[in-house]
Amino acid sequence: MRNYLDVNRNAYDQLAIEYEKRRENHSKYEEKVEYLGNSALKYISEQFPINVVEIGPGAGQMLAFFEKNNCRTIGVELSYNMAQIAKKYSPNSLIINQNVNEVNFKDGQMHLVYMGAVIHLFPKEDAGKLLLKVWRWLKKDGIIFVNTTCHDKSCEGFFVKKDYAGKKVRFRKYWTEIEFEKFVINCGFDIIDKLYTNEIDRGKKWVALIGRKI
């Protein structure tokens, strides 16, 4: 199999301009960053500032939200071009332009790890290794936000990303909702909340799981 990380890095380098344009032109069916961010922050009992890592910050909307809400923020982004956009819109965040599989933070250092629309860019085996790493990074009772689209059948491989004009090939794992929830639980998290979003215009049904480290 081709190196999926190289394929995805290339795809998002080329799609970065589209992502930046879209951050200012949201679909009416997309959830607002305030809703998604607060859905996770409300489960953190410690006083602010808190430590937040976002894996795959893309165009930086969520990092900017966390910055404005008195969080110490770090973004880990594979694509160089996407990392530059995240820096532009989240100037007070530390942006690490690197493969997250090669990044290490101290155990028990983070209050929240936010993973929006990124877990499905890894094969299931590597996704499991990543969540176990995230589990170590989190403090006791730390929170994870992780979402993906829901599908009737589970599969993974290289597919064209059809909802952007560039139509670039990338690696994609398609999860069923039951499979996804069991996967997160098996990686050491108690599911404390679940959010659903139906992006009718893009034909995507999302499920977001908010989990607490156990």
Side-chain angles (χ1 to χ4, degrees), residues 1 4-5 8 30-31 33 35-46 50-58 62-63 65-66 71 73-78 99-157 159 170-199 204-214:
M1 185 173 73
Y4 73 94
L5 291 169
N8 285 359
E30 287 185 68
E31 301 290 4
V33 294
Y35 168 71
L36 296 174
N38 284 320
S39 294
L41 290 179
K42 70 181 182 181
Y43 291 105
I44 298 173
S45 58
E46 294 191 37
I50 64 169
N51 300 326
V52 176
V53 171
E54 182 175 8
I55 299 173
M62 288 306 310
L63 275 182
F65 167 81
F66 289 127
C71 300
T73 47
I74 301 172
V76 183
E77 174 58 57
L78 177 67
N99 169 12
V100 70
N101 297 316
E102 299 173 353
V103 173
N104 286 296
F105 299 110
K106 292 181 180 179
D107 291 357
Q109 185 179 8
M110 304 302 169
H111 296 87
L112 168 65
V113 176
Y114 191 95
M115 302 176 66
V118 70
I119 195 68
H120 47 246
L121 301 180
F122 297 86
K124 187 173 183 178
E125 181 179 353
D126 284 3
K129 293 176 182 177
L130 177 57
L131 281 200
L132 292 174
K133 176 184 282 193
V134 166
W135 188 94
R136 295 196 304 271
W137 292 346
L138 286 167
K139 293 178 176 286
K140 180 182 179 181
D141 295 329
I143 298 297
I144 185 174
F145 178 106
V146 56
N147 71 351
T148 191
T149 50
C150 303
H151 301 271
D152 294 331
K153 294 182 179 180
S154 170
C155 67
E156 60 182 52
F159 303 92
R170 62 173 182 169
F171 181 89
R172 181 62 150 85
K173 159 69 176 158
Y174 290 93
W175 298 85
T176 68
E177 183 178 346
I178 293 174
E179 174 195 24
F180 183 52
E181 185 166 353
K182 287 182 178 178
F183 167 76
V184 174
I185 291 170
N186 288 339
C187 288
F189 295 94
D190 179 29
I191 306 302
I192 56 177
D193 205 351
K194 189 184 295 188
L195 314 175
Y196 292 97
T197 302
N198 188 3
E199 287 190 86
K204 292 187 174 185
K205 295 182 179 180
W206 294 83
V207 60
L209 302 179
I210 299 175
R212 177 175 282 123
K213 177 179 177 176
I214 55 176

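All values below were derived from every heavy atom in this structure, side-chain atoms included, with hydrogens, water molecules and symmetry-related copies excluded.
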Where is the tightest heavy-atom contact between Tyr196 and Glu31, given as atom of each residue plus distance? O-OE2, 3.6 Å
Taking all non-hydrogen atoms of both residues into account, name the closest pair between Phe180 and Trp175 and its distance.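 For Phe180 versus Trp175, the nearest heavy atoms are CA-CE3, 3.7 Å.
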Salt-bridge present (Lys139, Glu46; N to O < 4.0 Å):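 The answer is no: the pair does not qualify as a salt bridge.
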Please determine whether side chain to side chain contact (heavy atoms under 4.5 Å, CB included) holds for the pair Ile192 and Ile143, giving the CA-CA distance in whole Å, both sets of side-chain angles, and the decisive distance to 0.1 Å. CA-CA 9 Å; Ile192 56 177; Ile143 298 297; 3.8 Å; yes
Residues pairing under salt bridge (Lys or Arg N to Asp or Glu O under 4.0 Å) where one sits in residues 100-118, two or more places apart or in two chains, turn out to be none
With a sphere of 6.0 Å drawn around [atom1] of [X], does it hold more than 12 non-hydrogen atoms of other residues, nucleotides or ligands?
| X | atom1 | result |
| --- | --- | --- |
| Ile214 | CD1 | yes |
| Asp152 | CG | no |
| Lys205 | NZ | no |

Within the structure provided, determine whether Asp126 and Tyr4 are in side-chain contact (heavy-atom separation under 4.5 Å).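 In contact.
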Glu181 vs Leu209 side-chain heavy atoms within contact, under 4.5 Å: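 Yes - at least one pair of side-chain heavy atoms lies under 4.5 Å apart.
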Asn8 side chain vs Phe171 backbone, donor-acceptor pair below 3.5 Å: yes
Under a 3.5 Å distance rule, please check whether Glu77 uses its side chain to pair with a backbone N or O of Gly58 as donor and acceptor. yes
Students often mix this up, so state it plainly: with edges at 30° and 60°, are the rings of His120 and Trp206 parallel, tilted or perpendicular?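 Correct class here is tilted.
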Report the relative orientation of the aromatic rings in Phe105 and Trp137; use parallel for angles under 30°, tilted for 30 to 60°, perpendicular for over 60°.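 Phe105 and Trp137: perpendicular rings.
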Please test Ile144 against Leu131 for side chain to side chain contact (heavy atoms under 4.5 Å, CB included), starting from the C-alpha separation and ending with a verdict. CA-CA 9 Å; Ile144 185 174; Leu131 281 200; 3.6 Å; yes
Between Glu199 and Glu30, is a side chain to side chain contact (heavy atoms under 4.5 Å, CB included) present by the stated rule, with each step listed? CA-CA 6 Å; Glu199 287 190 86; Glu30 287 185 68; 3.2 Å; yes
